[in-house]
J.: 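Shown below is the structure under consideration.
We name chains A, B, ... by the order of the sequence lines, and we start the count at 1 in each one.
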2 protein chains.
Amino acid sequence: MPRTKQEEPNTHRATQVVNHIRALIENGALQPGDKIPPEREFARSLKISRASLRTGIGYLAAMGVMKVRHGVGTFVADGPAEFGQTSLSFMGALHGFQSWQMFEARIILERQVAALAAERGKEEHHAALAEEVAEMFASMNTPSEYLIHDVRFHRIISQASGNPILAALVETITSALYDKRRKTVERSTDLRESAEMHREIYRAIRARKPVEAGQLMEEHLRLAQAAQSVESPTERKALSASSRPRSVRAEARIQTS
Amino acid sequence: MPRTKQEEPNTHRATQVVNHIRALIENGALQPGDKIPPEREFARSLKISRASLRTGIGYLAAMGVMKVRHGVGTFVADGPAEFGQTSLSFMGALHGFQSWQMFEARIILERQVAALAAERGKEEHHAALAEEVAEMFASMNTPSEYLIHDVRFHRIISQASGNPILAALVETITSALYDKRRKTVERSTDLRESAEMHREIYRAIRARKPVEAGQLMEEHLRLAQAAQSVESPTERKALSASSRPRSVRAEARIQTS
DNA sequence: GTGTATACTGTGGTCTGACCATCAATGATG
DNA sequence: CATCATTGATGGTCAGACCACAGTATACAC
């Protein structure tokens with residue numbers, strides 16, 4: 001039979017839930033930070049089982065669109081946009097991402113983002129950046145705290161770029177690099193230089209010098225990359241025992257640890 | 001009573017599943033394309049209920065790490081890396097992404113990606129690109145088909161860049177733009193010009209001229225953007241009457257656990 | 001009154017076990 | 001030999017009970 005275009009009252013329940021919520025968000029009924037009805041109630045109203053509803057919500061939570069808090073409720077995400085939390089690290093394991101690739105991507109993105117921030121940044125952004133820079137200088141002896149301000153600094157620049165999509169992309173890569181970073185910073189004895197570079201970037205942005213801001217950012221990231229690689233163990237490699245026909249073989253070794 | 005402090009391995013079941021599978025992937029026991037055990041069996045081996053296992057799998061599926069096929073089985077994703085399918089369009093609705101922002105991001109990424117492809121592209125990529133260009137010229141009268149080759153062309157360039165992370169980012173944005181694109185192309189009577197631009201880009205890449213390739217790509221995308229906006233309906237606006245202003249500082253410090 | 005402990009309520013988290021839906025392979029039928 | 005019905009494996013959904021967590025109200029000390 002030719003076209004029997006499956007209309008859609010039928011899609012998988014989870015998909016149904018996703019679409020329903022998408023609609024609510026698109027028409028403004030749901031906004032960031034809002035809470036959705038309790039599962040039991042919501043499920044009843046959608047005429048599906050609570051289990052299915054949960055599947056759909058889980059899906060959205062994985063994408064970072066919703067945030068579930070045990071004992072409290074389920075809310076629409078409101079923080080900075082980001083693509084599924086662990087997604088990048090996972091894909092890293094899957095497709096063999098290497099750290100130089102992450103840095104390459106980060107440099108390309110942040111360089112442009114810094115330039116845009118220099119063009120479009122507002123007073124509030126400048127003020128926020130200034131504060132973070134000050135905090136960085138103040139916490140040069142506390143690596144863990146320093147890192148926090150470092151991260152915020154970059155995040156503010158992303159926001160200042162005026163392009164939430166770019167900000168989300170940067171956020172995704174940054175968060176994936178965060179763990180490794182934490183260790184590196186721990187043994188870094190020279191945060192002063194880093195802090196000063198941030199200050200220069202800040203100045204270039206405030207002075208609205210796109211090109212300069214971009215160059216400084218790139219330079220900064222290259223140094224960070226160098227510092228990081230100093231102790232990066234053997235870049236994962238040779239994990240698979242070569243190519244053998246894929247079939248059910250993997251099933252054998254799987255068991256509870 | 002002192003505490004019945006249940007020590008540790010106690011994370012949420014779904015998280016448990018996610019971590020377990022992550023481990024299997026990281027140590028090579030699971031590779032792209034592999035099939036995991038049937039739910040019932042797997043659940044038993046993990047000592048958790050099937051429902052919980054499903055929650056975890058759903059989570060992974062949402063992130064695009066796993067692919068579930070009703071009646072067949074669950075597999076580790078193997079196609080080109082990409083961040084959760086609908087994620088971008090969702091975040092668009094959530095954070096009010098606008099199409100110019102998508103294009104801005106795309107231009108920044110693809111310009112650099114094209115440059116990298118010009119530097120690192122291999123023979124096979126050149127050949128593949130040549131073929132797609134040829135197909136484009138051959139299908140100038142069939143918009144829908146033309147689009148397919150257009151998409152492939154860009155995807156090949158992403159792969160040729162040698163950086164799967166950048167490829168994944170491009171893929172994510174591109175797929176989000178795909179739908180709109182489809183309509184635009186439908187009424188475009190001038191695919192010849194587009195095809196010729198693609199050919200030029202291809203030539204620049206094969207000739208290993210990064211800068212030129214980047215510039216051509218940018219130019220191409222700007223034209224595409226212009227063509228698109230010709231009929232873009234009311235850019236979504238009036239997102240929310242009560243746009244509660246949030247200071248930059250506030251947002252920046254929202255998370256930092 | 002103040003403060004801490006307890007109970008209660010609302011909400012998400014998990015479990016069980018049955019049944020439905022889909023797909024692929026197999027065998028029966030013509 | 002081709003087509004179609006059957007069957008087995010596997011994911012999808014359901015219902016309802018019970019567990020766990022967080023916040024708040026209440027009780028009871030002091």
J.: Test side chain to side chain contact (heavy atoms under 4.5 Å, CB included) on E110(A) and T174(A) and set out the steps.
T.: CA-CA 10 Å; E110(A) 289 217 56; T174(A) 297; 4.2 Å; yes
J.: Rounded to whole Å, please give me the gap between CZ in R44(A) and P in dG16(D).
T.: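 Distance check: R44(A) CZ to dG16(D) P gives 12 Å.
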J.: For M66(B), which residues count as a side chain to side chain contact (heavy atoms under 4.5 Å, CB included) partner, sequence neighbours excluded?
T.: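 So M66(B) forms a side chain to side chain contact (heavy atoms under 4.5 Å, CB included) with I21(B), I36(B), L60(B), T74(B), V76(B).
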J.: A side-chain contact here means heavy atoms from C-beta on lying under 4.5 Å apart; do N141(B) and L191(B) qualify?
T.: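 A side-chain contact is absent here, since even the closest heavy-atom pair is not under 4.5 Å.
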J.: By nearest atom, which of the nucleotides dT22(C), dC15(C), dC14(D) is closest to the I48(B) side chain?
T.: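 Among the listed nucleotides, the one closest to the side chain of I48(B) is dC15(C).
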J.: Whole-Å distance between dG12(C) C1' and F75(A) CZ?
T.: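 Those two atoms, CZ and C1', are 11 Å apart.
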J.: When you measure from the side chain of E39(B), which nucleotide among dG11(D), dG12(C), dT13(D) comes out closest?
T.: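 For E39(B), the side-chain atoms sit closest to dG11(D).
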J.: Side chains of H149(B) and S139(B): closer than 4.5 Å at any heavy-atom pair?
T.: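 Heavy-atom side-chain distance check passes, below 4.5 Å.
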J.: Go through dG12(C), dG11(D), dT10(D) for me and flag the one nearest to the K35(B) side chain.
T.: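 Comparing dG12(C), dG11(D), dT10(D) against the side chain of K35(B), the answer is dT10(D).
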J.: Mapping R40(A) and R69(A) to their closest nucleotides on DNA chain D, which lands nearer the 5' end?
T.: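 This one resolves to R40(A).
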J.: Calculate the interatomic distance between K67(A) atom NZ and dT11(C) atom P; express it in whole Å.
T.: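 Going from K67(A) (NZ) to dT11(C) (P), I get 17 Å.
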J.: Rounded to whole Å, please give me the gap between OH in Y59(B) and P in dG13(C).
T.: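 My rounded result for the distance is 11 Å.
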J.: Using rotation axes that map the C1' atoms of four end pairs onto the next four (five pairs an end), what angle separates the end axes of the helix from dG1(C)-dC30(D) to dG30(C)-dC1(D), to 10°?
T.: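 Inter-axis angle at the termini of the helix from dG1(C)-dC30(D) to dG30(C)-dC1(D): 10°.
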J.: I173(A) versus L169(B): any side-chain heavy-atom pair under 4.5 Å?
T.: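 Yes, side chains in contact.
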J.: Whole-Å distance between dG10(C) P and I36(A) CD1?
T.: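 Value for this atom pair: 18 Å.
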J.: Could you check which of dG11(D), dC14(D), dC15(C) has an atom nearest any side-chain atom of R13(B)?
T.: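 Of the candidates, dC15(C) comes closest.
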J.: With a 4.5 Å heavy-atom cut-off, do Y178(A) and L147(A) have their side chains touching?
T.: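 Yes, close enough: below the 4.5 Å cut-off.
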J.: Donor-acceptor pair, distance only, cut-off 3.5 Å: does the side chain of Q101(B) make one with the backbone of Q98(B)?
T.: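 Yes, because the side chain of Q101(B) sits within donor-acceptor range (under 3.5 Å) of the backbone of Q98(B).
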J.: Please report the distance, rounded to the nearest Å, between NE2 in H70(B) and C1' in dT22(C).
T.: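 In whole Å, dT22(C) C1' lies 4 Å from H70(B) NE2.
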J.: Is the side chain of H154(B) donor-acceptor paired with the backbone N or O of V151(B) at a distance under 3.5 Å, no angle test?
T.: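 Flag not set: sc H154(B) to bb V151(B) has no pair under 3.5 Å.
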J.: Judged by each residue's nearest nucleotide on DNA chain D, which is more toward the 5′ side, K47(A) or V72(A)?
T.: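 Counting from the 5' end, the first nearest nucleotide belongs to K47(A).
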J.: Tell me which residues in residues 50-57 of chain B put a heavy atom below 4.0 Å from DNA chain D, sorted by number, or none.
T.: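 By residue number: R50(B), R54(B).
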J.: Can you tell me how far C1' of dT11(C) sits from NE2 of H12(B), to the nearest Å?
T.: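 Spelled out: NE2 on H12(B) to C1' on dT11(C) is 13 Å.
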J.: Counting C-beta onward and ignoring hydrogens, is there a side-chain heavy-atom pair between V170(B) and I157(B) closer than 4.5 Å?
T.: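 No, too far: nothing below the 4.5 Å cut-off.
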